[in-house]
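Worksheet for the structure shown next.
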Protein chains: 2
Amino acid sequence: MVETEAAAPTRRDRKKQQTRAALMAAALRLVDERGLDHVTVEDISEAADVSPRTFFNYFATKDDALLGGPLPHGPSMHDRLLAVPSGVALVPALLEAISADIAEIQDQRDFWLLRLRVIKDNPSLVSMLVARGECAEAETIVAVAARTGLPADDLFPQLAATLTGAAFRTAMMRWATAGDGRDLLDLVREAFAVLAEGLARSAPPAPTHDATPAPTHEKVLR
Amino acid sequence: MVETEAAAPTRRDRKKQQTRAALMAAALRLVDERGLDHVTVEDISEAADVSPRTFFNYFATKDDALLGGPLPHGPSMHDRLLAVPSGVALVPALLEAISADIAEIQDQRDFWLLRLRVIKDNPSLVSMLVARGECAEAETIVAVAARTGLPADDLFPQLAATLTGAAFRTAMMRWATAGDGRDLLDLVREAFAVLAEGLARSAPPAPTHDATPAPTHEKVLR
DNA sequence: GTAAAAGTTTGCAGCGGCTGCAAGTACGGC
DNA sequence: GCCGTACTTGCAGCCGCTGCAAACTTTTAC
């Protein structure tokens, strides 16, 4: 319902947007209540007051209605990453490139918390989330290759892209799951710090027999 | 009483194993030839000479026949990781824990190359590969938490698990894709070195405009 | 050796996801 | 008001997948 942008959308466009939002909302609500397997496309479309056939005019898949909104990493990861001044190191540049997405998620906090809860409760959706990220990862590979001067089929750019995606996803899930009210941006920063510095330097120094939960060595970024 | 499969499997078990293998082989071959969407369960079961209904006695899903074999990370990631002496640092321990899987993959080289090619050519399968890895990741989280003394709901163990999975997957895909005959173990080692040392130390030092593709060796982390 | 038990395969009926096609209906421009 | 365009809808149909019950096969027990 919320129209952030409205240059000059005709009434038709408004209705479309409305229908789309209604379908997504209905899908999220119903699946949250009953679980993915106990909600049919018919249920969703009925709740949104359109025909089942119309559902598939908006989403290719039932799952799409749950993840299919304007996704983070949407427009062009490639361009955004290359837009960061080349003096900036790789990881900060990656962080910068996704910062817009993070902000958007924080903006629609409740919506995303619901969405992520639904994803967490229905594991088959997690893989779809990954799949979504992958098109962005393909662009990231190219951009990282360009920034580093490595060939795109080298292991490093591919690693950088997949690891970045995994770190971002982990931070998001952690954000959505934990009770503490930690900032998403904060969590992403922490995750990216580990990415940059490596697991070896980010873990507590292997407490051989020590039972004390060593202080998280992450002061590096707090 | 448990293992020693080849020792005393009844005739029935042998036939089952045979059927299972036939179905997997048929599925891989047909999908490799025609693409996932142009192969039906009926095609597969016909090629394996069983009824379509029987297919679903063996695999829950069409995709399962493509990924569903004995998967790496199979038995218990948790136990394997904790079996590594606690003196060993985290990343080498993780590497050690999956080394058996790597060896097995190398053993069945051709089979896995086919499987990974099929996965690469049918993107929807990639996400399923991730999903498979996730049950292993859950165990990894617990084990890493135990090793580091951190609580299991801390960001770090979760990051370590997902990043490890991502790094392993990336190395596998790279192994299957590249023409060079690089060892899988070698690639995984390189990927894990990046994991341990971090992207910041593993990337070439941000060549502002340098065109020379710096050597890729993991020795970069001096 | 035979009969019961246990396990497997198969056909059948049916739901639900998803698609192409061919109306029907609302909208926007004129 | 009229027309072209865009969106909606119903319909027919394929395919993935499941439960059920009737064969059929192997194993076990007597």
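Below, each value reflects all heavy atoms present in this structure, side chains not excepted, and no hydrogens, waters or symmetry copies. The sequence lines fix the lettering, A, B, ..., with proteins before strands; numbering per chain opens at 1. Source: prediction; values computed, not measured.
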Query raised in the report: More 5' along DNA chain D: Ser51(A) or Asp63(B), using each one's nearest nucleotide?
Result: Ser51(A)
Query raised in the report: Want to settle it: does Pro52(A) or Leu36(B) sit nearer the 5' end of DNA chain D, counting the closest nucleotide to each?
Result: Pro52(A)
Query raised in the report: Within the pair Thr54(B) and dT10(C), is there a side-chain N or O less than 4.0 Å away from OP1 or OP2?
Result: yes
Query raised in the report: Should the pair Arg174(B)-Asp180(B) be classified as a salt bridge under the 4.0 Å nitrogen-to-oxygen rule?
Result: yes
Query - Test: Arg20(B) and Asp13(B) ion pair at under 4.0 Å - result: no
**Report entry** Test item: Arg169(B) side-chain N/O and Thr162(A) main-chain N/O as donor-acceptor pair under 3.5 Å
**Finding:** no
Query raised in the report: Just by distance, do the side chain of Arg115(B) and the backbone of Leu66(B) share a donor-acceptor pair under 3.5 Å?
Result: yes
[X] has an atom [atom1]; how far is it from atom [atom2] of [N], in whole Å?
X        : N       : atom1 : atom2 : value
Glu42(A) : dC18(C) : CD    : P     : 14 Å
Ile44(B) : dC15(D) : CD1   : P     : 13 Å
Lys16(A) : dA26(C) : NZ    : P     : 17 Å
Asp43(B) : dC17(D) : CG    : P     : 14 Å
Glu46(B) : dT10(C) : CD    : C1'   : 15 Å
Asp37(A) : dT18(D) : CG    : P     : 10 Å
Phe59(A) : dT8(D)  : CZ    : P     : 12 Å
Asp13(B) : dA6(C)  : CG    : C1'   : 13 Å

Counting any heavy atom closer than 4.0 Å, what does [X] reach on the DNA or RNA strands: base, sugar-phosphate only, or nothing?
X        : value
Lys15(B) : nothing
Tyr58(B) : sugar-phosphate
Arg12(A) : base

Report task. May I ask you to verify whether the side chain of Arg53(B) and the base of dT8(C) hold a donor-acceptor pair under 3.5 Å? Result -> no
Query raised in the report: Where the side chain of Thr10(B) is defined as all heavy atoms beyond and including C-beta, which of dT8(D), dT27(D), dT10(C) is the nearest nucleotide?
Result: dT27(D)
Query raised in the report: Out of dC18(C), dC15(D), dT8(D), which nucleotide sits closest to the side chain of Thr61(A)?
Result: dC18(C)
Report task. For Thr40(B) and Asp43(B), test the side chains for any donor-to-acceptor distance below 3.5 angstrom and give the result as yes or no. Result -> yes
